[in-house]
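All chains are named by letter (A, B, ...) in the order of the sequence lines, taking the proteins before the strands, and each is independently numbered beginning at 1. Worth saying up front: this structure is predicted, and the values here are computed from it rather than measured.
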2 protein chains.
Amino acid sequence: MMFKKVLIVDDHDDINSGVRTVLNNMGILKIDKAQYCDDAYLKIKKAHLEDDHYDLIITDLSFKKDYRDCSIQSGEQLIAAVKTEQPQLPVIVYSMDNRLQKVRGLISKHHINAYVCKDRKGSAELAQAITAVYNNTIYLSPQVSNALSDKADLEIEDYDIELIKQLANGRSQEEISDYFKQNNKTPNSLSSIEKKLNKLRIQFKANNAIHLVAIVKDLGLI
Amino acid sequence: MMFKKVLIVDDHDDINSGVRTVLNNMGILKIDKAQYCDDAYLKIKKAHLEDDHYDLIITDLSFKKDYRDCSIQSGEQLIAAVKTEQPQLPVIVYSMDNRLQKVRGLISKHHINAYVCKDRKGSAELAQAITAVYNNTIYLSPQVSNALSDKADLEIEDYDIELIKQLANGRSQEEISDYFKQNNKTPNSLSSIEKKLNKLRIQFKANNAIHLVAIVKDLGLI
DNA sequence: AAGCTCATTACGGTTTTCCGCAATGTGTGA
DNA sequence: TCACACATTGCGGAAAACCGTAATGAGCTT
């Protein structure tokens, strides 16, 4: 057997139909789609109330804004809403984003059941993911498969994150020093901040501060 | 009547199948696909030599790198190659990129026949584009429809993106200057690079280079 | 050809970052 | 309490980024 009723949430209509093809090939026929998170949420809620709930949600993470203003603006918000109301409803994320920390967060915070990277073999992996999730196992695309095992970059502290965030927001090291002093966050001397950044540069193999911010952003840490 | 034989060039397999669905719905049955530009180029060339040429090419612009090293690395390069050898072969670009500048360049340099933005209504627009191109008219998605008329542009160019990418990869401005000189990319003096970055900082309201990279990364431009 | 605009390059000075070293502070175990 | 390790801070010099200005060059109009 297999899932019977599935909802696809993705703003791109062709990906929507690409995923639909995958599902059809697996013998799944009751397929709905939503191009906005708000629509998706309402459909899921309605189906649940009418006792005709979905067996599986497949959703993207990022949604382009257009003339409609949506209360749910990202896939992660949608997942959070769905999983708090129906924790048993399986969710597969299907996204371009391949930041490990992002994946890790989705698994630990919202307990998503699979993460598939949109890529050359995206739909093949998606099929695998669906089978895996049906058998109650978590599936991760190879690109992000070490999101659970790899702990190396988890050892970064809140202080470091805050520091790099401030950098990414355009503040100079001196401004950050002042800012930390005002907020009683220690260490806050210019020298200490330099030293911290130096350590972080080494840790992430970055040539300079710009590189560091880029790397940490790619990992999804900030 | 309609096009008979079409090649789809896109690295994402689900978009590939999404486009295929669009074509099927229009009654087009002979459909090939390629996930690498090199493959696409060879297929087009082979079909041409065997007198069984394609009637239409639908291609993306950006292709992710993987283990294969390709001589043609972007959709634009592919288009350039194809259009110089077979100028009469219609090409439709189907891309996430919605920069007017880009569209304008593709039309003026390579004489592409349509530009469709991957978006919520992407596949519907793609169908329109195919019909339009079949009737020998150029089609542009609404988002970029004024690419031909509008001339005042504060848009970001490929050069700028390359420049910021280099920054994000940890190179110093001097190293970027050397790199550009080696690759014959102009302007390449340190002074020019400083000036360009200054303009970009103003354009994106960034306090410094770090801020600039962070902003542009958030916008998804790099 | 002359005049104009604009892009590119060069250069000097200031600010910020980067880096090493030294001084001070803090906590832990002998 | 002393000694030791380690974190924090301060400081000075080198490198890089930042900023204004000026010279040169390329393209266009008249």
Side-chain angles (χ1 to χ4, degrees), chain A residues 155-217 222, chain B residues 99-101 104-105 108-109 150-217 222:
Chain A
E155 290 169 11
I156 187 167
E157 300 169 30
D158 287 350
Y159 177 89
D160 299 324
I161 301 269
E162 174 70 11
L163 179 53
I164 300 177
K165 267 188 190 167
Q166 292 297 329
L167 266 189
N169 285 335
R171 301 202 199 211
S172 72
Q173 296 181 10
E174 197 167 6
E175 285 170 337
I176 296 174
S177 168
D178 295 342
Y179 174 78
F180 279 1
K181 280 171 187 165
Q182 282 176 3
N183 294 46
N184 292 325
K185 203 182 286 274
T186 56
N188 53 34
S189 73
L190 179 58
S191 182
S192 297
I193 287 171
E194 286 177 4
K195 177 150 292 197
K196 284 278 181 191
L197 285 176
N198 190 34
K199 263 194 181 170
L200 288 169
R201 276 202 305 275
I202 294 169
Q203 184 177 344
F204 289 100
K205 304 189 202 338
N207 295 339
N208 53 43
I210 299 178
H211 199 190
L212 176 65
V213 168
I215 290 170
V216 172
K217 261 192 170 304
I222 60 171
Chain B
R99 288 177 293 157
L100 294 184
Q101 188 101 353
R104 208 178 341 236
S108 62
K109 270 188 251 167
D150 201 88
K151 283 196 175 120
D153 54 70
L154 296 166
E155 285 192 301
I156 186 165
E157 302 170 34
D158 286 351
Y159 177 90
D160 301 323
I161 290 180
E162 173 70 10
L163 179 53
I164 300 176
K165 267 189 190 166
Q166 293 297 329
L167 267 189
N169 284 336
R171 302 202 199 209
S172 72
Q173 297 181 8
E174 198 167 3
E175 285 170 338
I176 296 174
S177 169
D178 295 340
Y179 174 77
F180 279 2
K181 278 171 188 164
Q182 282 177 3
N183 294 45
N184 292 324
K185 205 183 284 276
T186 54
N188 53 33
S189 74
L190 179 58
S191 181
S192 296
I193 287 171
E194 285 178 7
K195 179 150 293 195
K196 283 279 180 192
L197 284 175
N198 191 33
K199 264 194 181 169
L200 288 168
R201 277 201 304 275
I202 294 169
Q203 184 176 342
F204 287 99
K205 301 190 204 338
N207 295 339
N208 52 43
I210 299 178
H211 199 190
L212 176 65
V213 168
I215 290 170
V216 172
K217 258 193 172 303
I222 60 172

Student check: side-chain heavy atoms of B:E194 and B:L190 closer than 4.5 Å: yes

Residues in side-chain contact (heavy atoms from CB on, under 4.5 Å) with B:S191, at least two apart? B:S189

Residues in ring pair (Phe, Tyr, Trp, His ring centres under 6.0 Å) with B:Y159, at least two apart? B:F180

With side chain to side chain contact (heavy atoms under 4.5 Å, CB included) as the criterion, how do A:L167 and A:L197 come out once you've worked through the C-alpha distance, each side chain's angles and the decisive distance to 0.1 Å? CA-CA 10 Å; A:L167 266 189; A:L197 285 176; 3.7 Å; yes

Any residue of residues 165-173 of chain B with a heavy atom less than 4.0 Å from an atom of DNA chain D: B:S172, B:Q173

Hey, what do you get for CD1 (B:I176) to CD (B:E162), rounding to the nearest 0.5 Å? 9.0 Å

Quick one: list whatever passes side-chain contact (heavy atoms from CB on, under 4.5 Å) with B:I161, sequence neighbours left out. B:R99, B:I156, B:K165, B:I222

Please report the distance, rounded to the nearest Å, between CG in A:N198 and P in D:dA7. 14 Å

Does a side-chain N or O of A:R201 approach OP1 or OP2 of C:dT17 to a distance below 4.0 Å, or not? no

Listed partners of A:K181 passing side-chain contact (heavy atoms from CB on, under 4.5 Å), at least two apart: A:S177, A:N188

Taking protein heavy atoms under 4.0 Å as touching, what does nucleotides 9-14 of chain D look like 5' to 3' if B marks base contact, S marks sugar-phosphate-only contact and - marks none? BBB---

When rounded to whole Å, the CD to P distance for the pair B:E175 and C:dC18 reads 13 Å

How long is the line joining CD of B:E174 and P of C:dT9, in whole Å? 15 Å

By the definition side chain to side chain contact (heavy atoms under 4.5 Å, CB included), identify the one residue from A:V216, A:I210, A:I215 that meets it with A:L212. A:V216

Specify the separation, in whole Å, of atom CZ of A:F180 and atom P of D:dT8. 12 Å

Here the distance between atom P of C:dT16 and atom NE2 of B:H211, to the nearest Å, is 16 Å

